[in-house]
Structure formats: structure tokens, C-alpha cells
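For reference, the structure is listed below as C-alpha cells.
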Amino acid sequence: MQTQSDDVSVFPEPRAVERIQGYWQPSQKSESGEGARINVHAAGLPDQMSLLRDYLECEQSLLVMQMSDQDADIELSLDLPERPLTDHATAAGLCDEQYHLNITPQKIHLRATTSNGVAMGIQTLRQLFLSCEASCELPCVEIKDEPELAWRGLHLDVSRHFFEVEQIKRFIDLAALNKFNLFHWHLTDDQGWRLPIEGYPRLTEVAAWRAQTMIGHDRERETNPYDGVCHGGYYTHEQIREVVGYAAQRGIHVLPEVDIPGHVQALVTAYPEFGVLGTPPGVREYWGISEHVLNLEPVTMQFIEALIDTLIDLFPFRYVHLGGDEALPGQWANSPQVQKRMKQLGIAAVADVQNHFTQSAAGYLAKAGRCLIGWDEIIEHDCCTENTAVMNWRAGGRTTRRYHAEAAAAGLPVVLAPQTHTYFDMRESADDDRATEGWNADTCLPLQCVYDWQPLVHIQDEHHDCVLGGQAQLWTEYIPDFDHLMYMTYPRACALAQVLWTGPSREDWPTFCRRLLMQLSRLDRFNVDYRHCVL
Ligand code: ACM
């Protein structure tokens, strides 16, 4: 049953909404509604209690009191029967996020099975509060909701352009408003390294900074000028823990990505002994794919283990993303030292070097009970290990292989991140002169294309359980600041949120467009600089 009325417009579209007669109001109201007192009971849910309090106090100017009994205006409880997820989703550490929200004139009751489910329900409640007038009068309603897909992510590249911790938190909070549950933090690349690792001080002294940045599009690299401005930064371990905690409170997992064995030009500038050439190439100041890759020496393998130890320590999510994309084999093929090490390690061909990195890292992660996820190049040459998942990005264009279908057929967990539908660094329309062009100037990704995406279309029914979910990518070569990031992210992220949360039974495009306006008016409340579109 989906009977959203205009005064109950929740986003993404819930499974079932039943409008009930009447309205709820705070029991101890002030004249204006401003400063009214609300009593909340949330036994065993201190983090979600404080999240709800922050929202109600900061966004609604309500005064929230915590009550120890159930005679409260709002009650949060963990008493819904558990709904099992697929084996792959459970093994990934994802959880049941269903919630029921019941609003009667007397009380608001939010129930779930897990604290993450409560966090999702809080976003629904937050949306209803954001949409009501100053009186804080909420329409009575019964909502029964659960997501279609267990992994609903937004990725952000902080290497090409660095974003401050407060901006990362804002990005995550807006993701939460749209019921995303995963933040993929792309922490390293050729143009900057953002993760300190004990014993490797040059990562933050050298690899975190580039002297200047090319102005203009990479296709005019030969003639483009440079800005002459040093760019960079990194996150301290304390800041990273703060972000992980902030996200967890909102039911959002943080997936860290350190991209190896390619995309390492910043790393091998700081530590040339990990590179094939042995000399520092300089932190890259322009875009495109770097030829620099890691070597196979023991010091490099030791570094990778220290790196994985650090990631395991900082990030509790089961998966660690170790990149794997676009590792060009040229340096490996041309290096006598790499050839020698390949023989010693029993690596038959240059094409298998990448598998060596994937398998070594996956084995090391497995000892700590963790799993590896990588871009789909990790299965290019049939590399499968038990604790490995595949993030599929190559789709459309010249790519004819369906890596996601291959991975699922091999029984591997898959996350769908296809360029064709989820690369939000591409501009929405060719005549949009504010939007950046993205890496491919010829391709656009319109809002409706995102909304029409059918994630499972090429995957056989019997392999659907391998699909954990999907996510959008925000590569930031051409996204220099937070406002621009918002412009590229929204409203497409709203469309994707509905694809992933509501699934194939979602409302039609005209209805989505009409209701999107409600969600955009909520973004207006937060001064989000989203792309205005004619709907
Ligand atoms: C990618 O876009 N290189 C994953």
C-alpha cells in the first residue's frame, strides 16, 4: 500500500504509508511552537536519542527532555521481529534497517529491529518535522518501511580535491537524510594521500600535498596553465574516528579506500622505494591515469600490511576497499627487477601481478576477519578469493564484458557502481555550463537516467542475492569546492536513493518529480546548493 499524501511526503518512498485522521502536537506547547518541550523515551538507544535531540533542537527549536518511562511524546524502541538479510549482506556486516513509524494524536512511536533501523526511521521523522509549519503539527500516519537493497552508498574522492572534516560530516548528514547507509571514502590517489600511517611520516609531509593544480580540462593538458597554489591536507586518526562515529550514529557505515597497486603517484613520491622506477615522480598536478604502480619488493609488502592494520584499526566496517582500478602494466613489463621478483614469487605473467596484490591483501585481511572489496579490474584475470567482493564500475562505452554478472555468477558479492548510471561527476546535461564536464566530456548523466536505472537487469535471478546494493561516485577532479560538490550530487542522489531504497516498485517518474520538490525544499532549509532542474 503506497498512499503518500502531500502532507506525508517521505523520501525515499516508503513501502507502505497510511494516512490516519488527525495531527500530533507536542504536549507542552509554547504559544508560538518555538521552544515547545518534547519528552522522548529511548531505552538502550543513547546515540539515536542524542541524534534525534540534535535534530529537534537545532532544526525545530524544540526543547527535548529525556524520560525514563514510556509515557512520552516520542518513543524509540527495538522491538520489531528480525527480518533476515541475504547471507552476503549479513557477512558484509549490513543489518536489518526496517522500521515502523506510528504517529497518533497522543504519541509518536518509532520501532525497529536494530539501532540502524531506528536511525533510518529518525530521518523519516526528521523529514516530517522539516515539512511542517512552525506549530510542529505532524500528520497522523502509519509507515512500515524497509529498504530494497542493503548497501546504499555515496562515494567521495578527497584526493583530487581535499574536503575538511566539517564538510565530510555535512556530506554524510545529507546522505543520511536520503537514507543512504554507506560512505565510501576514497582517501588516496595520484594527486594526494590523506591517511597517516605510523612509521611513514612522509605520507603526510610529502604525499598529502601537490605544489599546484592544472587549470582546465585534462584533454588540453599539454597547453593548460597551472594555478601555482599548493593544495592538500590529510585527516588525523582522531578526526577519522570522529567521522566514523558521526556516521555510525546516523546508521552509516564508512568504507575506506586506499587505491593500490595503481593510482599511487603521491605514495611513490613520498616513498620511491615502493615504486618501480625508484625515483620520486612528484605528486601529480594534473588528471588522467598515472603510469606509476607499486613494485613487488618486501618493503612494499610490509607497507601494505601496515596500511591494512591502520585501516582495520580505524574503520570497523567489515570491508576494506583496496582500489585495484587502472593499474597500468607498462612499468611491471619493462622492469628487470619486477621480472626477477615475479619469478621468485611464482607469478607467471604481468597480467597476474595485480592478482598477487589482491590475493596477498585479501589473505592478510582474512586473518583479521575482514574482507577486501576492489574495483572490477580485480576479476579481469579470474582472481577470486573467498573474502573478496567486486565493485563494478565499467559499463557502457567500449566495455562489453559484464563484470557484475560475471562476479555474481562466480558467487562473489557485488556492489553496483556503473559509470552509465552512478558517476555523478558527469554533468547532467550538455548545455549546463556551470556543471563540470567530468572525466568524459562527451557523456552526460541526466536525473531521469539515474531514476530509470534498473540495477539488477543483467544479473540472472538466481544470482540476485550476490548483489549487496549500489552507490554513486563523486570523483572530484573538476569539483573544487563543497558548493560544487552539492551541485553535482543533488538532486541525482535523491533519485538514486529511491532506486536503491524503494526498488523496482517505485513510483513513476512524474510522481517522483512532484515529490522531489518536497525533498528539495528540505535541502533548501540546509542551504544546499543543488542543481535546479526543470521537472
Ligand atoms: C574508476 O573510475 N577508476 C573506478
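Being a predicted model, the structure only gives us computed values, none of them experimental. Both ligands and their constituent atoms are indexed starting at 1 by order of listing. Numbering of residues begins at 1 and proceeds along the displayed sequence.
- Looking at Y364 and D309, their side chains do bring a donor and an acceptor atom within 3.5 Å of each other.
- A side-chain donor-acceptor contact under 3.5 Å links D325 and H263.
- Not a single N or O atom of W393, backbone or side chain, sits closer than 3.5 Å to an N or O atom of ligand 1.
- There is a side-chain donor-acceptor pair under 3.5 Å between E380 and Y403.
- With ligand atoms numbered from 1 in the order given, ligand 1 contributes 1 (C), 2 (O), 4 (C) to contacts under 4.0 Å with heavy atoms of W475.
- Nearest protein heavy-atom contact of atom 2 (O) of ligand 1 is Y423 OH, 2.7 Å.
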List the steps, then state whether side chain to side chain donor-acceptor pair (under 3.5 Å) holds for E297 with Q337.
CA-CA 9 Å; E297 298 304 311; Q337 179 60 19; 2.8 Å; yes

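- The side-chain hydrogen bond (donor to acceptor under 3.5 Å, both in side chains) with Q265 is formed by just one residue from the set E291, R284, R210; it is R284.
- Atoms of ligand 1 found under 4.0 Å from any heavy atom of E326, numbered from 1 in the order shown, are 3 (N).
- Ranking protein heavy atoms by distance to atom 3 (N) of ligand 1, first place goes to D325 OD2, 2.7 Å.
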